[in-house]
Each structure stands twice: as structure tokens, then as C-alpha cells.
Novice: 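After the C-alpha cells below, expect a handful of questions from me.
Residue numbers begin at 1 in each chain, while the letters A, B, ... track the order of the sequences. From a predicted model like this one, the values you see are computed outputs, not experimental measurements.
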Amino acid sequence: MPPNKKARLLNNTGKADGREAVKRKTAAKTKQGSESAPQFSHWLMKSEPESRFENGIDVKFGIEDLKALPDQTSCWDGVRNYQARNFMRQMKEGQLAFFYHSNCKEPGIAGIMKIVKEAYVDHTQFDKKDVHYDASSKQDNPKWSMVDVQYQRMVKRFLPLSELKQIHQQHRAQGGPLKDMALFTRARLSVQPLTAEEFDFVLSLEDTEPL
DNA sequence: GCCAACGTTGGC
DNA sequence: GCCAACGTTGGC
């Protein structure tokens, strides 16, 4: 069992699997469903580095918390959003993800982690004590998945959301690799894909002067 | 602490 | 299967 953690990610206890299946069919046509989705190779995952209490439980989990764990590895539990879950299910061992700090003094990309275990059942959905307990999810048909991630390194300099946003806006106006970055086009998604080009461009920023 | 954006719920 | 009401995210 991987070390436990308290990432707080999206949201609700989602409901009706039937409803979800309908959506997935629709999505498949338009090309976002998990089956027919393009294969993404890079990811961005959000977590909160500052203390915040939800049902009396601190959901803080920043990159320093990941780094401090045995093996610098953790499961990424608590995702309760279908799109985010579906992206996690597409993740392959060895792929890289940005660790993004959200809902904090300075939001932005703090470091890099690696997917070290592909999607499996998120046990916290069955744990009544857990913040993300989901009474609607049944043992014989679990709704929610998680992956394991391992800390790789900090970015050479913290990459603030404000800077990424400026670049995104510039690229949107004049063209450039970040013009469609999910961080801005799908703002509230806690697990999101990046193309290799987007990932490489963002990473190249660590060697540049802050804007 | 506010609140816009947006995902989810559930009545019809 | 539409869509208004509701709840959450997360920047500011």
C-alpha cells in the first residue's frame, strides 16, 4: 500500500454511472472520451500546499509533503471529478506530470513528478472517515481511481500562474505553444493533459528570467 | 472573503 | 434529455 496523502482535488460525490455512460458516448463522438481519446503523454496535477480544513481534516498537500514521504511516492487520491479521473486512467507508468500548487498565496508550478503506478481503485471512496468518502460508490463497482506519483525534482524556479497566464494570452493573440493550455481553457480541472510541446515549453521557462 | 465559471443534480 | 438551481473551484 502506498503512503496515504491528502490531496484535495475536485469536488462532488458524482452520481449516476448511467448518466456518466451517456456523457462518455457523447464525448467519444466529439473526441474526449476515455476510450477513443488521443494519447496524452504529459500531465498537470493540482494540490493545495497550504492548510485548509474540510470536515475538520487538513487537506494540505504540497510538493514538500510529497518529497518528505518514504520513496517520495504517494497515491493521488481524492479525485472526484469524472474528467479528471478519466485522465488519470489514461496515465502510463513513467510519464511526467507537473505538480501545481493551487488555492494558495502563490499559485503555480512547483516541480515535476513521475507516474509510478497506473490507475487503480481509490480506497478513500469507501472510507467514511475520509473527506472524499462517496456513499454512492459500491465495492463491486468502484467509481474512483487514483495513480501513484513519485517526486522527481523542483523546477529551477517556481513558475507562477500569473506568468503562465501572460504567456498564454500572448500566445493566444499571436500564436505559440501555450495558446490552448488546459490550465486556462479548462481552469477548474484538477488533473489535466499537456502535449509534449506544451510541457517542453513550460519547462524551458525555468531557464528564463521571470516576466 | 468574494464571486465568476462551470460541473452536477434532479424535477419535469 | 432539458435546464434551473445548487455546490465547488480557485484566482484575486
Side-chain angles (χ1 to χ4, degrees), chain A residues 5-34 37 43-66 76-90 97-111 122 124-125 130-138 141-146 155 158-172 178-194 202 205 210-211:
Chain A
K5 90 177 229 307
K6 309 184 191 116
R8 141 192 180 282
L9 293 148
L10 292 175
N11 113 29
N12 303 343
T13 43
K15 133 174 200 183
D17 261 342
R19 188 187 301 273
E20 193 214 343
V22 169
K23 276 213 176 114
R24 203 184 301 142
K25 272 181 206 151
T26 316
K29 280 188 208 148
T30 58
K31 84 150 180 220
Q32 245 187 65
S34 44
W43 311 95
L44 179 148
M45 301 170 85
K46 301 180 182 177
S47 188
E48 301 185 28
E50 293 172 9
S51 285
R52 190 175 62 82
F53 290 85
E54 212 175 310
N55 306 332
I57 298 164
D58 192 355
V59 296
K60 162 179 152 52
F61 188 79
I63 195 164
E64 300 292 349
D65 299 300
L66 174 61
W76 201 267
D77 61 284
V79 172
R80 297 292 182 268
N81 169 282
Y82 289 116
Q83 288 187 63
R85 181 203 68 181
N86 291 344
F87 283 133
M88 283 202 299
R89 289 181 176 178
Q90 293 178 45
F98 287 127
F99 195 124
Y100 178 89
H101 281 171
S102 74
N103 207 12
C104 56
K105 196 72 63 59
E106 206 182 16
I109 292 171
D122 178 347
T124 66
Q125 67 198 300
D130 194 275
V131 186
H132 301 108
Y133 172 66
D134 182 357
S136 74
S137 183
K138 300 301 162 204
N141 187 21
K143 280 188 182 172
W144 306 112
S145 304
M146 62 187 181
V155 282
F158 182 82
L159 302 172
L161 175 65
S162 58
E163 182 175 340
L164 295 169
K165 186 185 276 178
Q166 285 185 55
I167 296 171
H168 162 68
Q169 282 169 350
Q170 196 182 321
H171 285 192
R172 213 178 35 176
L178 298 196
K179 68 174 168 14
D180 297 321
M181 192 180 182
L183 191 57
F184 306 103
T185 59
R186 319 293 325 275
R188 297 173 44 202
L189 242 199
S190 69
V191 175
Q192 33 180 274
L194 286 83
V202 169
L205 295 174
L211 284 187

Novice: Please give, in whole Å, the distance from dT9(C) P to Met45(A) CE?
Specialist: 16 Å

Novice: Rounding to a whole Å, what distance do you find between His132(A):NE2 and dT8(C):P?
Specialist: 11 Å

Novice: Do Trp144(A) and Tyr82(A) have their ring centres less than 6.0 Å from each other?
Specialist: yes

Novice: Would you say the side chains of Asp180(A) and Thr185(A) form a donor-acceptor pair under 3.5 Å?
Specialist: no

Novice: Please verify the inter-ring angle class for His101(A) with Phe158(A); under 30° counts as parallel, over 60° as perpendicular, anything in between as tilted.
Specialist: tilted

Novice: Rounded to whole Å, please give me the gap between CD in Gln166(A) and C1' in dG11(C).
Specialist: 15 Å

Novice: It should be established whether Tyr100(A) places a side-chain nitrogen or oxygen under 4.0 Å from OP1 or OP2 of nucleotide dG11(C).
Specialist: yes

Novice: Could you give the CG-to-C1' distance, from Leu189(A) to dT8(C), as a whole number of Å?
Specialist: 13 Å

Novice: Return the value, rounded to whole Å, for the distance between atom CG of Asp134(A) and atom P of dT8(B).
Specialist: 12 Å

Novice: In whole angstroms, how far is the C1' atom of dC6(B) from the CG atom of Asn81(A)?
Specialist: 10 Å

Novice: Under 4.0 Å between a side-chain N/O of Lys46(A) and OP1 or OP2 of dT9(C), yes or no?
Specialist: no

Novice: Extract from the structure each pairing of a protein N or O with an N or O of nucleotides 3-5 of chain B at less than 3.5 Å, listing the distance.
Specialist:
from	atom 1	to	atom 2	distance (Å)
dA5(B)	N3	Arg188(A)	NH1	3.2

Novice: Is the closest side-chain heavy-atom distance between Asn81(A) and Leu189(A) below 4.5 Å?
Specialist: yes

Novice: From the options dC12(C), dG7(B), dT8(B), select the nucleotide whose nearest atom is closest to the side chain of Tyr82(A).
Specialist: dT8(B)

Novice: Provide, to the nearest angstrom, the distance between the CG atom belonging to Leu164(A) and the P atom belonging to dG10(C).
Specialist: 15 Å

Novice: Write down the atom of Glu54(A), the atom of Val59(A), and the distance for their closest heavy-atom approach.
Specialist: OE1-CG1, 3.6 Å

Novice: With sequence neighbours left out, write down each residue that passes side chain to side chain donor-acceptor pair (under 3.5 Å) with Asp65(A), or none if nothing qualifies.
Specialist: Lys60(A)

Novice: What contact category does Lys165(A) fall into here, base, sugar-phosphate, or nothing, at under 4.0 angstrom with non-hydrogen atoms?
Specialist: sugar-phosphate

Novice: What pairs with Gln192(A) under side chain to side chain donor-acceptor pair (under 3.5 Å), at least two apart in sequence or on another chain?
Specialist: none

Novice: Check the distance between dT9(C)'s C1' and Glu50(A)'s CD and give it to me in whole angstrom.
Specialist: 15 Å

